[in-house]
Student: 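One structure, as structure tokens, below. Some questions next.
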Amino acid sequence: MAGRRTNLALLLLLALALATGGLAFAIGAAWNRWIVLAHGAAGLALLTLAPWKSVVARRGFRRARRDSWTSVLLTVLVALAILFGVLHAVGVVTVGPLTSMQAHVGAALASVPFALWHVVARSVRPRRTDLSRRTLLRAGAVAGAGGFAWAAVEGGMRLASLPGGDRRFTGSHETGSFDPEEMPVTQWLNDSVPEIDARSWRLVVRAQDREEAWGYEELAAFGDRLRATLDCTGGWFAVQNWEGVRLSQLIPQGQEGRSIHVASATGYGRRFPLADADRLLLAIRVGGEPLSAGHGFPARIVAPGRRGFWWVKWVTRIEVSAVPWWWQPPFPLA
């Protein structure tokens, strides 16, 4: 395969791996399985191009360019992202102080600026001949090799009864189901666990011009129950029995608006479609016991079918808003 086409194929595969990785991180619905499959196949397909890329790289090093170190660092970061992705898949959940998923995502994000620089400094312009029958067949062979490698890894894990063989469709490993004390405590980025006194804590619910404050004991008197799966982007999931009150019971009927904004005591928040009010639970208990501080005491959102960063903890305010739910970053910025 020519050097120019090798670089073009690598660029397309890197873009596909990053795009599918972002989608896999965001989506908690069952069809995410196909995105995770495409993400894994794209990552492994990068390895199939290594022999051709090594020839291109050796040719480039002979020119002794000053910015060659950026290409080397990009190669190392991509290799680490693939390595830690495979380690997570096969069940090696932690690597030193980090989880394999954290290392995988961190290496992938760190590679982005170097990949962009590489594109600018060594631009590869597509040509009409890139759409020839031979090129398309080669592209199909690379994609097939990536898919075959993914299937081989998945099949090998199941045959060897490795921990990764029973991952959820998102790629997460089961940890602490029906045992809240064993369920990991994680926060998004720089969020931290606050100390909240239930006696002074109040949940403020605002809809149009009406505002109501609820105390802990008032909310604890509700008994709505929901079995739901908390699927964390850290690479684990846990099925728990949650108990509390559905948001539809806190928000007066017939409210005009487009979204429900849920805010945490830490300033963290997410916006949900107003139509989801009956599906969302404000949990006060898990497994029959009050929430722990790390798991959101005194109250947290349970959002079935959404990844863990939607499950806002330490909730202090719920507000019906005219702003559409999608008018927010796909991932919280802090």
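The figures that follow rest on heavy atoms only: side chains count, while hydrogens, waters and symmetry mates do not. Because the structure is a prediction, the values reported are computed rather than measured. Residue numbers start at 1 and run along the sequence shown.
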Student: Determine whether the aromatic ring centres of Trp314 and Tyr268 lie less than 6.0 Å apart.
Tutor: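 Here the rings of Tyr268 and Trp314 have centres that are no less than 6.0 Å from each other.
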Student: Return yes if some donor-acceptor pair links the side-chain N/O of His88 with the main-chain N/O of Gly171 below 3.5 Å, else return no.
Tutor: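 Present.
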Student: Is any side-chain heavy atom of Arg227 closer than 4.5 Å to one of Gln240?
Tutor: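 The answer is no, as the side chains (C-beta and beyond) never meet within the 4.5 Å cut-off.
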Student: Do Ile301 and Leu247 touch side chain to side chain, with heavy atoms closer than 4.5 Å?
Tutor: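 Touching, per the 4.5 Å side-chain cut-off.
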Student: Provide the full list of ring-ring contact (aromatic ring centres under 6.0 Å, His included) pairs with a residue in residues 222-265, sequence neighbours left out, each pair given once.
Tutor: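 The answer is Trp214-Phe222, Trp242-Trp311.
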Student: Kindly indicate whether the side chain of Val245, heavy atoms from C-beta on, has any atom under 4.5 Å from the side chain of Ile284.
Tutor: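 They are not in contact (no side-chain heavy atoms under 4.5 Å apart), so the answer is no.
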Student: Is it true that Leu282 and Ile196 fall in one hydrophobic cluster, defined by side-chain heavy atoms closer than 4.5 Å?
Tutor: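 Leu282 clusters together with Ile196.
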Student: Side-chain contact test, heavy atoms from C-beta onward, threshold under 4.5 Å: evaluate it for Ile318 versus Val204 and give yes or no.
Tutor: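 With C-beta onward as the side chain, the pair stays apart.
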Student: About how many Å separate CD1 of Ile251 and CD of Gln208, when rounded to the nearest 0.5 Å?
Tutor: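 That separation rounds to 11.0 Å.
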Student: Looking at every heavy atom in both Met101 and Gly234, which two are closest together, and how far apart are they?
Tutor: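 Nearest pair, atom of Met101 first, then Gly234: CB-O, 3.4 Å.
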Student: If the threshold is 4.0 Å, N to carboxylate O, is there a salt bridge linking Glu319 and Arg271?
Tutor: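 A salt bridge is absent here (no side-chain N lies under 4.0 Å from a carboxylate O).
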Student: Kindly indicate, with the supporting measurements, whether the criterion side chain to side chain contact (heavy atoms under 4.5 Å, CB included) is fulfilled by Met183 and His295.
Tutor: CA-CA 9 Å; Met183 186 169 64; His295 290 144; 3.7 Å; yes
Student: Please report the shortest heavy-atom distance between Cys232 and Thr186, naming the atom on each side.
Tutor: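 In terms of heavy atoms, the two residues are closest at SG-OG1, 3.6 Å.
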Student: Would the distance check show the side chain of Thr20 and the main-chain N or O of Leu16 forming a donor-acceptor pair, the cut-off being under 3.5 Å?
Tutor: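 Indeed, once roles are kept as given, a pair shorter than 3.5 Å links the two residues.
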Student: Report the C-alpha separation of Phe272 and Trp325 in whole Å, then their side-chain angles, then the decisive distance to 0.1 Å, and conclude whether the ring pair (Phe, Tyr, Trp, His ring centres under 6.0 Å) test is met.
Tutor: CA-CA 5 Å; Phe272 300 85; Trp325 73 270; 8.8 Å; no
Student: What I'd like to find out is whether the side chain of Val286 reaches to under 4.5 Å of the side chain of Asn241, using heavy atoms alone.
Tutor: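 Sidechains of Asn241 and Val286: no contact.
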Student: Under 4.5 Å between side-chain heavy atoms, counting indirect links through other Ile/Leu/Val/Met/Phe/Trp/Tyr residues: same cluster for Val320 and Leu203 or not?
Tutor: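 Yes; Leu203 is reachable from Val320 via cluster members.
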Student: Is it true that atom CZ of Phe178 has more than 12 heavy atoms of other residues, nucleotides or ligands lying nearer than 6.0 Å?
Tutor: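 It does: Phe178 CZ has more than 12 such atoms within range.
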Student: Mind checking whether Leu18 and Phe25 sit in one hydrophobic cluster, side chains of I, L, V, M, F, W, Y counted as touching below 4.5 Å?
Tutor: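 Cluster IDs for Leu18 and Phe25 differ.
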Student: Give a yes or no answer on whether the side chain of Arg317 reaches the backbone of Ala265 with a donor-acceptor pair at less than 3.5 Å.
Tutor: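 Not confirmed, Arg317 side chain does not pair with Ala265 backbone.
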Student: Would you compute the distance between atom CD1 of Ile260 and atom CG of Leu250 and round it to the nearest 0.5 angstrom?
Tutor: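 Interatomic distance, Ile260 CD1 to Leu250 CG, rounded to 0.5 Å: 9.5 Å.
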Student: Quick check on the hydrophobic clustering: are Leu333 and Leu109 connected, directly or via other members, by side-chain heavy-atom contacts under 4.5 Å?
Tutor: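 In one cluster with Leu333: Leu109, no.
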Student: Checking the side chain of Ser177 only, and the main-chain atoms of Ala238 only, is there a donor and an acceptor separated by less than 3.5 Å?
Tutor: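 Looks like no, no N/O pair under 3.5 Å.
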Student: How far does CZ of Arg33 sit from CD1 of Ile27, to the nearest 0.5 angstrom?
Tutor: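 Reported to 0.5 Å precision, the distance equals 13.5 Å.
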Student: Ignoring hydrogens and angles, tell me if any N or O in the side chain of Arg167 forms a donor-acceptor pair with the backbone of Ala89 under 3.5 Å.
Tutor: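 Judged by distance alone, yes, a pair lies under 3.5 Å.
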Student: Taking the side chain as everything from C-beta on, heavy atoms only, tell me whether Tyr216 gets closer than 4.5 Å to Pro298.
Tutor: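 Touching, per the 4.5 Å side-chain cut-off.
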Student: Fit a plane to each ring of Trp188 and Phe309, take the angle between them on a 0 to 90° scale, and name the class: parallel (under 30°), tilted (30 to 60°) or perpendicular (over 60°).
Tutor: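 The rings of Trp188 and Phe309 sit tilted, inter-plane angle from 30° to 60°.
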Student: May I ask you to test the Ser321-Arg258 pair for a side-chain heavy-atom distance under 4.5 Å?
Tutor: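 Answer no - side chains too far apart.
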Student: Start with the C-alpha gap between Ile82 and Leu47, add the side-chain angles, then the distance that decides, and say whether side chain to side chain contact (heavy atoms under 4.5 Å, CB included) holds.
Tutor: CA-CA 9 Å; Ile82 295 173; Leu47 298 179; 3.9 Å; yes
Student: Checking Glu182 side chain against Asp179 main chain: does a donor-acceptor pair fall under 3.5 Å?
Tutor: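 The answer is no, because no donor-acceptor pair under 3.5 Å joins these two groups.
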Student: So Arg168 and Glu174, side chain to side chain contact (heavy atoms under 4.5 Å, CB included) or not? Walk me through it.
Tutor: CA-CA 8 Å; Arg168 199 166 185 253; Glu174 189 278 325; over 6 Å; no
Student: Using atom types as modelled and distance alone, determine if a side-chain donor or acceptor of Lys313 lies under 3.5 Å from a backbone N or O of Gly294.
Tutor: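 Checked: pair present.
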Student: For a quick test of reading the model, state the closest non-hydrogen atom pair linking Val36 to Ala24 and the distance between them.
Tutor: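 Looking at all heavy atoms of both residues, the shortest contact is CG2-CB, 3.9 Å.
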Student: Within the supplied structure, the quantity of interest is the number of heavy atoms (other residues, nucleotides, ligands) at a distance under 6.0 Å from Arg202 CZ; does it exceed 12?
Tutor: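 Above 12, so yes.
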Student: So which atom in Val193 and which in Ala293 form the shortest heavy-atom distance, rounded to 0.1 Å?
Tutor: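 For Val193 and Ala293, the tightest heavy-atom pair comes out as CG1-O, 3.6 Å.
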Student: Applying side chain to side chain contact (heavy atoms under 4.5 Å, CB included) to Leu23 and Asn32, what does each step give before you reach the verdict?
Tutor: CA-CA 8 Å; Leu23 287 172; Asn32 188 24; 5.6 Å; no
Student: Give every residue pair that meets the salt bridge (Lys or Arg N to Asp or Glu O under 4.0 Å) criterion with at least one member in residues 287-308, sequence neighbours excluded.
Tutor: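 Sorted pair list: Asp231-Arg307, Asp276-Arg306.
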Student: Does the His39 side chain pair with the main chain of Ala17, one donor and one acceptor, at a distance under 3.5 Å?
Tutor: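 Answer holds: yes.
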Student: Linking I/L/V/M/F/W/Y whenever their side-chain heavy atoms sit closer than 4.5 Å, directly or via other members, would Val262 and Leu291 fall into one cluster?
Tutor: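 Yes: a chain of side-chain contacts under 4.5 Å links Val262 to Leu291.
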Student: Ignoring hydrogens, what is the shortest heavy-atom contact between Thr266 and Ser192? Give both atom names and the distance.
Tutor: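 Heavy atoms of Thr266 and Ser192 come nearest at CG2-O, 3.5 Å.
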Student: Applying the side chain to side chain contact (heavy atoms under 4.5 Å, CB included) test to Leu226, which of Glu243, Arg279, Arg246 qualifies?
Tutor: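 That would be Arg246; it is the only one of Glu243, Arg279, Arg246 passing the side chain to side chain contact (heavy atoms under 4.5 Å, CB included) with Leu226.
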Student: Donor-acceptor pair, distance only, cut-off 3.5 Å: does the side chain of Ser259 make one with the backbone of Val323?
Tutor: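 Yes, Ser259 side chain to Val323 backbone: donor-acceptor pair under 3.5 Å.
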Student: Could you report the tightest heavy-atom contact between Ala228 and Val302, atom names first, then the distance?
Tutor: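 Taking Ala228 first and Val302 second, the nearest heavy atoms are CB-CG1, 3.7 Å.
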Student: So, Ser100 side chain and Val92 main chain: donor-acceptor pair closer than 3.5 Å or not?
Tutor: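 Indeed, once roles are kept as given, a pair shorter than 3.5 Å links the two residues.
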